[in-house]
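Here's the structure we're looking at; comments come further down.
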2 protein chains.
Amino acid sequence: MANIKDVAERAGVSVATVSRVLNGHSPVAATRDRVLAAVAELGYRPNSVARALRTARTGALGLLIGDLTNPFFTELADAVEDEARSLGYSLVIGNAGESPQQQDDHIRTLIDRRIDGLLVSSAGTGSPVLRETAAAGTPLVLLDRAVDGLDVPCVRADGRAALADLAAHFAALGRRRPAIIVAPAGTRTGADRLRFFREALRPYGIELPDERVGATPDLQPTGGRRVMRGFLDLPEPPDAVLATDNLMALGAMDEIRARGLRVPDDLALVVYDDVPWFRHTDPPLTAIAQPTRELGRAAVHTLLERIEGRPAESVLLPARLVPRRSCGEPVPEHAPHTPEPADEARAPVREHAPHAPVPTDAPRTTDGSNGSDTDTNTNTNTNSDTESDTDTHNERGSA
Amino acid sequence: MANIKDVAERAGVSVATVSRVLNGHSPVAATRDRVLAAVAELGYRPNSVARALRTARTGALGLLIGDLTNPFFTELADAVEDEARSLGYSLVIGNAGESPQQQDDHIRTLIDRRIDGLLVSSAGTGSPVLRETAAAGTPLVLLDRAVDGLDVPCVRADGRAALADLAAHFAALGRRRPAIIVAPAGTRTGADRLRFFREALRPYGIELPDERVGATPDLQPTGGRRVMRGFLDLPEPPDAVLATDNLMALGAMDEIRARGLRVPDDLALVVYDDVPWFRHTDPPLTAIAQPTRELGRAAVHTLLERIEGRPAESVLLPARLVPRRSCGEPVPEHAPHTPEPADEARAPVREHAPHAPVPTDAPRTTDGSNGSDTDTNTNTNTNSDTESDTDTHNERGSA
DNA sequence: ACAGCTCGGGTAATCGATTACACGCGACCA
DNA sequence: TGGTCGCGTGTAATCGATTACCCGAGCTGT
C-alpha cells in the first residue's frame, strides 16, 4: 500500500508538502496539482493509524450498548452512527451483552485504541472501570441508563409523563392489580421506572405491593418469563403487567402463551420501548415509546461538547404512551394504518394525564445525585420536524 | 496517560525491556517483577495505535452489515463479535444502511484504519470499491450475500432444501397462486431465492409468473408494503406470499392489516429469517430460519484463514423451514412452548420434503461463478452441540 | 586461566504520518 | 541597490510502541 513517501517521490516534492496539500494547509496551485495527480495515480490513502499516533486524535467515537440483539439499542446505535458520521466521526460499537465484565473489556479496548470519546449505556451498576475512565478525563457521556454517583452527563428519556398516562389508562379500564417487571436490582433505570410507576398509580388508589414487583437477573427473555411465571403463580395474580424492557416482555409473552392465557382478556400487558413488531403481535401491544433517535443524536452532540472541552449538561427527553389493544377496550385501534408513511405518528399521544390529578407538576428534581440532572433539554439540533422519527419504521432513501 | 517510557524510568530499565516483559519475549523473573510493579502503579496500558503502526497489525476485524435495524444482521453481528472476541480480535461494525455508497465509505474508513480483515454482507450489487479491496489483497470474506464475479470466499445459507419443503407445504395446503417479494434486482441473494423457489414449485405443477414476483427497491418495510399492494391489486391476487426478508415482511403485514385482510384465511405468509417475534405475531409466522450464529462463527474462521495466508473455501450451511400457522392448517402449533429453554428447537424440521420428488439431488453446483462455491462445509469449530443456538432466544449467562 | 558461549538488556532504527523551524528566493520599498 | 518581508518548501523531530543488533558479564570446558 502506497505511503506518503511514495507520493512525495512521484510528485517530486517532500513529504511535508504532500501532507500540507492533503490537509489544506497550503493552498498553492502549482505543486498542489502534481501532488494530487500522484495521489490519484498511486491510489494513495493516508494511514489513519500513523496519523492518529501523531495527532492524538482518532476521529472515532465509541458506543457501548447493553445488548446488540435488543431492538431498542439497535435503533439507538443506528441513530448515533448516523449523527456521528454526519459530523465526520466514525463509530465503534461495543456490545456488552448485558455483562458488566464484558463491558469493562470493551471500555479498556476502546480506550487503548484511543477513541476520542465514549458513549455508554451501562450494563449493571457502574463498574470501577467505568468510574476510572470518567476520572481519567476521557470524554464520557452516559446514554439511556444513568449510573448513580457518576458525575457525568447523561442523555435519557423521562418516563414520568408516560407512566402517569399509563396509570390513568389502567384506572380507566378497571385494572387494579398491576405488576411490574424491572431490570436487575441496583440499576438506576429499573429503580426509576418502578418508583415513577408507583407514584403514578397512587392518585388512583392503586397499590403496587412488592410481591408484584419482579426484578429479572438478566434483562433477557428468560428472566422476563421467570418473573411472569412467579406472577401467575400468585394466589392473586396481577391483572396488568408492565414489562420495562422489550426483551423481558418477549419472555413474559412466552409464559402467557404457554399457559394458554389471552391478552388482554386474562391479563393486560404493556411494554417499555416500542418496536415495529408490536403492531403485529397478538394482540397489538400498548407500549411506552422512547424518543430513541433523538436520544442518539443528543448524545453525540453532548459528547462532542465534552471532547471540545466545553461543559455539557444532561439531556432528558419525554417518553410517550402508545395505546394499542393489549389492555382491553376502549382503544379501538382506529382502522389500521391506511396512509403509507407516518401512520403511527398520529397515534393518541397525551402530554398530560387527561382525567386525574397526576403528580407531574412542581418538584421535578426527585433525585439528589446529580445536580445538573433535571429537565434540562439541551438538544441542540435545529431539526424542527419531529415526525419522521417516531414514524412507522425508520425509512431510508434509495427508492 | 502513562507511556512505556514512564514505566521504563520507574522500573529503572529501558523501554526495550518493558516491551519485552509485556510481550513475554523475556521470561526473566528479576526485572520482570519490577516492570510489572511499575505497570501496576502507573496503571499503564500500551497504546494500541502506536503498536499497530509498528507491527502493521491492529487486532481488529471489520464487519459490514446491510442494516443495523434488521434483526437478522443484528444476530449475525452478535455471533461474529462473540467469535472474534474469543479469538482475541475486536470487531468494528459498519452499518451500510443498505446503501452501496455508505458501504463504500465504510470500507474505505476501515481500510484506512488498517483492520486486519473484512467481513462484508454487501448492500446492492458489489461496488467497485469492494472489488478493488479484494484485488488489493485485503483479507476479505463475504457473508450471507454473495456477489457475482467476485472471487472471494463466501459464507452463507443454502435455502434450497427449505424452499423445497415450503413448496411441499404450499402444495399440501392447496395454495396454488404463490407470490414472492424479493430483494432489489441484480442482487445475487434475491435472484437465488427466486430461482430456487420457482424450481421447487415446478414438480407440483405450481407456476410462479412474473406478475407475482415483486422486487423491492430498498429492502425496507416500505418496499415490502408497496409490492404487497401491487399483489393485492392484481385481478387474481396470490393466495400465498413469501417475503424473502423479515423487514419486507413487516411492510407486507402492514398492507394486509390496512386492508382488513386476515392471515392465513385470505392469504398465506411466509418469511425468510426467523426472528423471536414471529412466534407472537397474529398469527405466528411460518419462517425459513437461517443458521445465523453458525454463519457468523464460520465467517470469522474463514477470515482468519485468509489473514494467516491460508487459502479459504466458501461455506454453505442449510436453512430450514419452521412451520407455524400463517399458511393455514394443518400445523396446530403443538401446545405452545411448555418447557422453558430450547422449546422452539423441537419444532418440526424436515431435512427433505416428505412427500414429493423435490429436485434437491445431484447437481448441487448451479452457479458457475465460483468454482469452490459448493456444499463445502468448512466449519472448523469443534463445538459438537448444535443446540443452544437454534434455541428460543439466545440466552446469556449472568443469572 | 583464557577462549568461547549464553543470555539479559541497552541503543537505536523503524512504522507513516504531522508540524516547528529554517532557508532560499522574489518582490517591494527606501 | 541593499535590506526586509513573506511565501513556499525542505529538514528533521516527534508521537509510542517493537525489534534487530550489539555489548558485557558470567559460566563452562580444557
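So you know, we letter chains A, B, ... as the sequences are listed, proteins then strands, and number each from 1.
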> Touch check for Ser48(A), heavy atoms < 4.0 angstrom, all strands: base, sugar-phosphate only, or nothing?
Replying inline: nothing
> Do you know the tightest heavy-atom contact between Ala11(B) and Arg34(B)?
Replying inline: O-NE, 3.0 Å
> Looking only at side chains, do Asn95(A) and Asp78(B) share a donor and an acceptor under 3.5 Å apart?
Replying inline: yes
>> For a quick test of reading the model, state the closest non-hydrogen atom pair linking Ile115(A) to Ile111(A) and the distance between them.
In response: CG1-N, 4.4 Å
> Please give, in whole Å, the distance from dA17(D) P to Arg45(B) CZ?
Replying inline: 12 Å
> To the nearest Å, how far apart are Leu53(B) CG and dT18(D) P?
Replying inline: 12 Å
>> Please report the distance, rounded to the nearest Å, between CG in Asn3(A) and C1' in dT18(C).
In response: 14 Å
> Going by number, which of residues 11-23 of chain B have a non-hydrogen atom under 4.0 Å from DNA chain C?
Replying inline: Val13(B), Ser14(B), Ala16(B), Thr17(B), Arg20(B)
> What is the distance from CZ of Arg57(A) to P of dA17(C), rounded to the nearest Å?
Replying inline: 17 Å
>> If I compare all heavy atoms of Arg188(B) with all of Ala146(B), which pair ends up nearest, and what's the gap?
In response: CB-O, 3.4 Å
>> Using whole Å, what does the distance between atom C1' of nucleotide dG9(C) and atom CZ of Arg32(B) come to?
In response: 16 Å
> Using a cut-off of less than 4.0 Å, is there contact between a side-chain N or O of His25(A) and OP1 or OP2 of dT18(C)?
Replying inline: no
> How long is the line joining NZ of Lys5(B) and P of dG10(C), in whole Å?
Replying inline: 15 Å
> Between dA17(C) atom P and Arg54(B) atom CZ, what is the distance in whole Å?
Replying inline: 15 Å
> Thr31(B) side chain: which of dG9(C), dT14(D), dA17(D) is closest?
Replying inline: dG9(C)
> Looking just at side-chain N and O atoms, do Thr74(A) and Thr74(B) make a donor-acceptor pair shorter than 3.5 Å?
Replying inline: yes
> Do Thr58(B) and Asp116(B) have side-chain atoms, one donor and one acceptor, less than 3.5 Å apart?
Replying inline: yes
>> Distance check needed: dC15(D) C1' versus Arg51(A) CZ, whole Å only.
In response: 14 Å
>> Ignoring hydrogens and geometry beyond distance, is a side-chain donor-acceptor pair present between Glu81(B) and His106(A) at under 3.5 Å?
In response: yes
